[in-house]
Amino acid sequence: MHKAVIIGGSAGSFQVITRILSAMPANFPLPVLLCLHRLKHVRSGFVEALSIKSSIPVIEPMDKEQIKPGRAYLAPANYHMYIELGNKIALSTEEPVNHSRPSIDLSFITAAQVYREKLIGIILSGANRDGAYGLKRVKDHGGMAIVQDPEECQVKTMTDTSLKMTKVDHIFNTNEIIRFLQKIKHP
Amino acid sequence: MTITDLDLQYFVSSLKTLSRYDLSNYSDKSLKRRLQKVLEDYNTTIIGLINRMMNDQLFVEKVVRDITVNTTELFRDPPVWHLLRSRVLPRFKDNSTINIWHAGCSTGQEVYSMMILLHEMGMFDRAKIFASDINTDVLDTAKHGVYKYRFNLNYLDNFDKVIKQNPLNFDEYKDVPYEKYFDIDKQKDIMQMKPFLVSKPIFRKHDLVTEGNIFYNKFDLIMCRNVIIYFNYALQNKVFELFHSNLYPKGGLVLGLHESILGPWASKFERLGQSYVKK
């Protein structure tokens, strides 16, 4: 059914994403694309911090790296991460978008073009509008749009903007996101 | 408006006819996005853009400049500079000359970073610095060595990490003043590289895709960071071939932090940390 999960988050999303990754089944059948803003001075150590608890490998991909199921691909610091036809990652150092590099919008827009109705997009807590338009594009292409319950978010700007822009499929708290992902079976 | 594959093809083939620029092997995704931005900036359509390009050669040059990506910073990715300092550059310590080519140097911050590091290592006078880019606007900036100060505040942080601190020994701290290499004018919001740095490099306009080595020199080290991510596999291989044939034996190649050599040229280089050494 689905071919990929893409998750965007910013301020207040680190613990959520850690919980999600630690609850993933080790044989999760889809690739997980992660586009998370980070503080400018925290450029290294992020992937290691996520890896510690994750039950699937977390990778900062190289340019043109082939995307494989059961792995999480974290947009590297200071690069935009695009998804290209042929199931490949493409990195770019173009100007920041929404003051962000990586930009969640760019990752979501390009993933939506590639996976279309077979994409699950999830927007988590964040203090920036980045990601809201990207989630709309996921929905426009027939994909599934999920937003973390703003009640649970440390910062609601990202989820509120997303909910304003898109009629989403689900508003889930962290536990519900986890249960939803755990139910995804091999196609 | 979204750019279709057909639009992109039309643009690329028109450009090829109207100029000597061949973007047909550029990575589609970034090219589409850049082209879209150009159309928005000029408030025109693909047809409108190409019509204007047919009648105005200067406009063609301008569009090419707008479409290529030009971001760079002083000492981007400090770990790469640590590697250059501790393992790559020391290999050339006893050379009477050290030839370095910055391919796709953009506005030149990396060229200045290299010269500063070489100076700190006592290798500056023996180094010959060559730098090239397809875009003459960014080359002009590089030649002047004047940058916005506030916009680039994190440069200073990178400078401290690479030049002042020793990653192998955190107790060691060399208090190198910024004024040794550049002057900061906060009022005017600029940082100006010192004349002895500005006058050193040879900057030339160069298209990595269509031109060979224009410097009539072989190189000990080639820096080409975050350039090949915009090229497809075939074009990347062509560029690696150009680099390989113009490096001295055991010469070094440094790519961007998330770039690597895939395909046939990989076996002609050895890895040295993040960098490559010609076999």
Side-chain angles (χ1 to χ4, degrees), chain A residues 35 38-48 59-67 73-103 105-116 133-134 136-137 140-141, chain B residues 2-5 26-34 36-37 66-73 75-80 82 104 106-107 109-110 151-158 160-161 167 225-237 255-263 266 274:
Chain A
C35 188
R38 36 186 131 179
L39 297 170
K40 274 232 161 68
H41 56 274
V42 191
R43 286 201 173 165
S44 54
F46 197 55
V47 70
E48 291 80 359
I59 300 156
E60 277 188 314
M62 301 296 280
D63 182 55
K64 300 193 173 45
E65 186 161 333
Q66 195 74 41
I67 297 169
Y73 296 88
L74 174 69
N78 226 353
Y79 285 91
H80 294 303
M81 183 170 82
Y82 296 154
I83 314 306
E84 297 223 301
L85 283 174
N87 228 12
K88 280 188 180 140
I89 302 270
L91 300 176
S92 157
T93 57
E94 281 163 80
E95 295 79 4
V97 173
N98 309 316
H99 309 287
S100 310
R101 189 171 60 201
S103 150
D105 273 348
L106 287 183
S107 290
F108 271 57
I109 291 168
T110 53
Q113 284 165 355
V114 169
Y115 299 116
R116 309 184 71 87
Y133 179 68
K136 181 180 180 315
R137 300 299 298 165
D140 289 347
H141 279 98
Chain B
T2 319
I3 294 189
T4 64
D5 290 339
Y26 274 54
S27 169
D28 278 7
K29 192 113 303 171
S30 69
L31 203 53
K32 264 192 200 164
R33 217 183 94 66
R34 305 296 292 180
Q36 175 130 25
K37 193 165 178 306
D66 288 341
I67 252 167
T68 46
V69 177
N70 303 300
T71 45
T72 173
E73 45 186 280
F75 297 109
R76 182 185 163 111
D77 308 318
V80 173
H82 293 153
S106 188
T107 43
Q109 282 88 328
E110 206 143 272
F151 180 67
N152 293 315
L153 264 178
N154 61 325
Y155 287 1
L156 302 185
D157 209 32
N158 287 353
D160 293 352
K161 280 186 188 147
R225 310 232 305 133
N226 299 311
V227 175
I228 60 158
I229 48 180
Y230 303 105
F231 298 164
N232 73 6
Y233 179 74
L235 186 50
Q236 287 193 353
N237 283 329
L255 302 174
L257 202 52
H258 289 270
E259 292 172 324
S260 58
I261 303 180
L262 303 167
Q274 289 280 346

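A note on names: the letters A, B, ... follow the listed sequences, proteins ahead of strands, and every chain is numbered from 1. What's counted below: heavy atoms across the whole structure, side chains too, no hydrogens, waters or symmetry copies.
In this structure, chain B has a heavy atom under 4.5 Å from the backbone of A/Ile83, while its side chain stays farther away. Proximity to chain B (any heavy atom under 4.5 Å) is restricted, for A/Gln113, to the side chain, taken from C-beta onward. Contacts of B/Ile228 with chain A are made by backbone atoms alone, with heavy-atom separations under 4.5 Å and no side-chain atom involved.
For B/Arg34, the salt bridge (charged side-chain N to carboxylate O under 4.0 Å, His left out) partners two or more places apart in sequence, or in a different chain, are A/Glu94, A/Glu95.
Residue A/Pro61 comes nearest to B/His258 through the heavy atom pair O-ND1, 2.9 Å, listed as atom of the first residue, atom of the second, then distance. Heavy-atom minimum distance, B/Leu262 versus A/Lys64: CD1-CB, 4.4 Å.
When atom types are taken as modelled, the side chain of B/Arg76 and the backbone of A/Asn78 share a donor-acceptor pair closer than 3.5 angstrom.
Here CG of B/Leu257 is found 12.5 Å from OG1 of A/Thr93. Values are rounded to the nearest 0.5 Å.
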Q: Carefully, step by step, assess B/Arg33 and A/Leu106 under the rule side-chain contact (heavy atoms from CB on, under 4.5 Å).
A: CA-CA 10 Å; B/Arg33 217 183 94 66; A/Leu106 287 183; 3.8 Å; yes
Q: Report the C-alpha separation of B/Phe231 and A/Asp63 in whole Å, then their side-chain angles, then the decisive distance to 0.1 Å, and conclude whether the side-chain contact (heavy atoms from CB on, under 4.5 Å) test is met.
A: CA-CA 10 Å; B/Phe231 298 164; A/Asp63 182 55; over 6 Å; no
